[in-house]
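Down below is the structure, laid out as structure tokens.
Only heavy atoms go into these numbers, but all of them, side chains included; no hydrogens, no water, no symmetry mates. Every chain is numbered from 1 and lettered A, B, ... according to where its sequence line falls, protein lines coming before strand lines.
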Protein chains: 2
Amino acid sequence: MAKQGETEQKPLRKGMLEKRQAILKGARAVFGRDGYTRASIDAIAAEAGVSSRTLYNHFGDKEGLFRAVLMDSSVAVTTAQQALLERHFHKFRDPEADLYDLAVEWVGGTETHPEHFALVRQIIAEASRLPLDVLREWQRIGPKATRAALRGHLLEAGRAGLLAIDEENADRATRHWALFTAGAVQTESAQGALPLEPEVFERLVREGVELFLGLYGKPQS
Amino acid sequence: MAKQGETEQKPLRKGMLEKRQAILKGARAVFGRDGYTRASIDAIAAEAGVSSRTLYNHFGDKEGLFRAVLMDSSVAVTTAQQALLERHFHKFRDPEADLYDLAVEWVGGTETHPEHFALVRQIIAEASRLPLDVLREWQRIGPKATRAALRGHLLEAGRAGLLAIDEENADRATRHWALFTAGAVQTESAQGALPLEPEVFERLVREGVELFLGLYGKPQS
DNA sequence: TAGTGATTACAACGGTCATTGTAATTTTCG
DNA sequence: CGAAAATTACAATGACCGTTGTAATCACTA
């Protein structure tokens with residue numbers, strides 16, 4: 001009766017977890033490369049080095065697998081981005097230089113996790129055919145979590161007197177940071193569909209940081 | 001020998017053009033609704049009220065049809081957006097009010113042509129599997145053409161003394177307009193995947209226009 | 001080491017779909 | 001009208017794919 005794909009509670013056995021993660025990893029690659037519809041179960045199983053039957057035993061069906069992959073990948077990327085924020089704000093002294101360094105890595109996230117963002121492009125294209133709660137859940141554990149972390153760091157920098165940011169404008173500042181840096185690059189590259197020359201990339205990022213500092217930088221800096 | 005799907009030169013006969021456009025229209029709807037892979041040729045033929053064989057006679061194969069649909073749709077949307085620009089800049093007097101009106105319609109373009117932008121989301125998701133020249137051609141007759149028109153109008157408004165825009169900063173101003181208005185809304189709505197509350201939409205647009213005027217508005221206005 | 005559960009190989013089913021050939025039919029143009 | 005071209009209905013082909021059942025094998029745990 002109880003399908004094992006829906007609510008896994010106890011992967012008691014030892015090897016199961018490894019199999020499971022191998023499948024998730026392989027599926028992330030294949031889904032990202034081929035898209036949901038073109039990606040065949042057999043191809044995923046082969047990529048993961050696993051029998052296709054095992055895959056069904058773990059995730060029920062293709063849609064369940066995709067959901068699991070999306071959430072797993074989102075958590076991984078969010079964690080990475082949050083670590084990146086920690087790292088940069090830890091040594092945050094000179095707004096201009098430090099924010100530029102952050103921006104370069106921040107925006108480069110799309111190239112650091114290409115499979116994940118290919119996945120995101122898939123769900124955006126198929127959004128109207130996906131359950132709304134899947135989309136909301138993705139937003140919650142993905143972009144929104146990242147932004148919340150960013151907001152916290154910006155606020156802290158504001159309290160430290162390094163940026164003109166307080167509770168009043170923190171939301172807007174967070175949104176503007178994302179828009180001026182990642183948003184600018186993504187708009188210009190058609191969400192990463194077209195390649196962007198490095199010089200253009202750098203100019204956009206630099207411009208975005210300047211824009212941000214023009215709004216939220218302290219006069220004396 | 002000569003496939004008819006590649007380089008159509010002379011649709012001599014009368015009815016052919018109507019059939020062709022019926023197919024393009026139907027294909028645009030079905031491709032936009034179901035995506036490239038899920039959209040079946042039979043479904044498109046039915047939607048267009050045409051035999052599937054006729055469809056093959058016109059466009060060669062599915063990929064050729066998709067290409068034709070994309071270009072056709074891009075031209076249509078570009079034309080519409082350019083007309084929109086004409087209309088607004090024709091009566092351009094008060095930067096604040098007029099730019100806000102323009103922005104609302106400009107950004108609303110994604111909802112005025114839903115099928116087209118669904119198509120765009122498809123090609124963005126499948127970009128790595130599409131020939132690069134198709135992507136470049138789309139950019140040329142689509143977004144880039146629209147931006148060129150916008151640039152012209154902004155420059156004219158600059159020459160008229162209504163905006164602080166000249167040859168020097170026209171490119172950047174054009175990019176910023178797109179980023180602050182449409183870019184802001186698209187970033188927030190995950191490229192239109194998630195629904196956006198009207199109040200949020202309006203706030204984003206208003207904020208974008210203010211941002212733009214802060215950079216390119218004349219002091220006295 | 002014995003037993004339990006996970007994994008595997010294998011085969012099969014049912015369905016969908018792009019594409020093509022063909023002969024009949026309709027439309028268009030001179 | 002009459003020829004040429006376009007369209008249609010129809011059937012068929014070949015391929016791919018999600019999913020399931022089954023029996024044998026393997027890995028882990030007790």
Side-chain angles (χ1 to χ4, degrees), chain A residues 1-27 30-31 33-69 122 126 129-130, chain B residues 1-27 30-31 33-69 122 126 129-130:
Chain A
M1 288 298 134
K3 298 289 176 65
Q4 53 272 75
E6 307 301 328
T7 58
E8 307 89 13
Q9 292 290 40
K10 308 173 183 178
L12 286 174
R13 294 304 226 266
K14 207 178 80 180
M16 281 190 72
L17 231 159
E18 299 165 18
K19 292 281 176 191
R20 185 186 179 82
Q21 283 171 343
I23 296 172
L24 286 174
K25 184 177 172 182
V30 179
F31 275 139
R33 187 192 318 127
D34 298 346
Y36 177 78
T37 1
R38 304 170 110 99
S40 82
I41 295 287
D42 286 336
I44 294 171
E47 176 90 17
V50 157
S51 147
S52 74
R53 201 63 177 80
T54 301
L55 193 150
Y56 277 101
N57 289 339
H58 273 268
F59 299 98
D61 61 4
K62 196 179 183 182
E63 193 187 315
L65 174 61
F66 184 79
R67 254 199 278 263
V69 167
Q122 299 293 334
E126 307 225 18
R129 261 156 282 121
L130 255 42
Chain B
M1 289 295 139
K3 298 291 175 63
Q4 54 273 73
E6 306 301 327
T7 60
E8 306 90 12
Q9 290 292 40
K10 309 173 182 177
L12 285 175
R13 297 302 225 265
K14 209 178 78 181
M16 281 189 72
L17 232 160
E18 300 165 19
K19 294 279 177 192
R20 185 187 179 82
Q21 283 171 342
I23 296 173
L24 287 174
K25 184 177 172 183
V30 178
F31 276 138
R33 189 192 317 129
D34 299 345
Y36 177 78
T37 1
R38 305 171 113 98
S40 83
I41 295 286
D42 286 336
I44 295 172
E47 176 90 15
V50 158
S51 148
S52 73
R53 202 63 176 77
T54 300
L55 193 149
Y56 278 99
N57 289 338
H58 274 267
F59 298 98
D61 59 5
K62 195 179 181 180
E63 194 187 314
L65 174 61
F66 184 81
R67 256 200 277 263
V69 166
Q122 299 292 333
E126 307 225 18
R129 260 157 283 121
L130 255 40

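- For the pair A:Tyr56 OH and C:dC10 P, the computed distance is 18 Å after rounding to whole Å.
- Distances shown here put every side-chain N or O of B:Ser51 at or beyond 4.0 Å from the OP1 or OP2 atom of D:dA9.
- Within 4.0 Å (heavy atoms only), A:Ala45 reaches no atom of the nucleic acid at all.
- Taking atom CZ on A:Arg38 and atom C1' on D:dA15, their separation rounds to 15 Å, with Å as the unit.
- Closest to the side chain of B:Ser40, out of C:dC17, D:dC17, D:dT8, is C:dC17.
- Between B:Ile23 and B:Ala48, the closest heavy-atom pair is CA-CB, 3.7 Å.
- To the nearest 0.5 angstrom, B:Thr54 atom OG1 is 9.5 Å from B:Met16 atom CE.
- Minimum heavy-atom separation, B:Val30 to B:Ala43: CG2-O, 4.2 Å.
- Direction of the helix axis in the helix from C:dT1-D:dA30 to C:dG30-D:dC1 shifts by 30° between the two five-pair termini, rounded to 10°.
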Using a cut-off of under 3.5 Å, enumerate the N/O to N/O pairs linking the protein to nucleotides 21-23 of chain C.
from	atom 1	to	atom 2	distance (Å)
C:dG21	N7	B:Arg53	NE	3.2
C:dG21	N7	B:Arg53	NH2	3.3
C:dG21	O6	B:Arg53	NE	3.4

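- Side chain of B:Lys62, nearest nucleotide from C:dA18, D:dG18, C:dT8: C:dA18.
- The nearest whole Å value for the distance from the CD atom in B:Glu63 to the P atom in C:dT19 is 9 Å.
- Summarising the geometry, the separation between CE on A:Met16 and C1' on C:dT4 is reported as 13 Å, rounded to the nearest angstrom.
- When all heavy atoms of B:Ser52 and B:Ile41 are compared, the closest pair comes out as CB-CG2, 4.1 Å.
- Going from atom CD of A:Glu18 over to atom P of C:dA6 covers 15 Å, rounded to whole Å.
- Scanning both residues, A:Ala45 and A:Ser51, for their nearest heavy atoms gives CB-C, 4.1 Å.
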Inset, instruction - Determine, step by step, whether A:Lys62 and A:Ile44 satisfy the side-chain contact (heavy atoms from CB on, under 4.5 Å) criterion, reporting the C-alpha distance in whole Å, the side-chain angles of both residues, the deciding distance to 0.1 Å, and the verdict. - result: CA-CA 10 Å; A:Lys62 196 179 183 182; A:Ile44 294 171; 5.5 Å; no
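- The nearest whole Å value for the distance from the NE2 atom in A:His58 to the P atom in C:dG5 is 15 Å.
- Rounding to whole angstrom units, NZ of residue A:Lys19 and P of D:dT25 are separated by 17 Å.
- Note on residues 41-56 of chain A: pairs passing salt bridge (charged side-chain N to carboxylate O under 4.0 Å, His left out), not counting sequence neighbours, are A:Arg33-A:Glu47.
- The OH atom of B:Tyr36 sits 12 Å away from the C1' atom of C:dC17 (whole-angstrom rounding).
- Backbone-only contact: A:Ala39 has heavy atoms under 4.0 Å from sugar-phosphate atoms and none from a base.
- The nucleotide whose nearest atom lies closest to any side-chain atom of A:Val50 is, among C:dA18, C:dT8, D:dT8, C:dT8.
- Closest approach of B:Phe59 to B:Leu65, counting heavy atoms only: CD1-CD1, 3.6 Å.
- Taking the six-membered ring where the residue is Trp, B:Phe31 and B:Tyr36 present parallel rings, their angle staying beneath 30° rather than reaching 60°.
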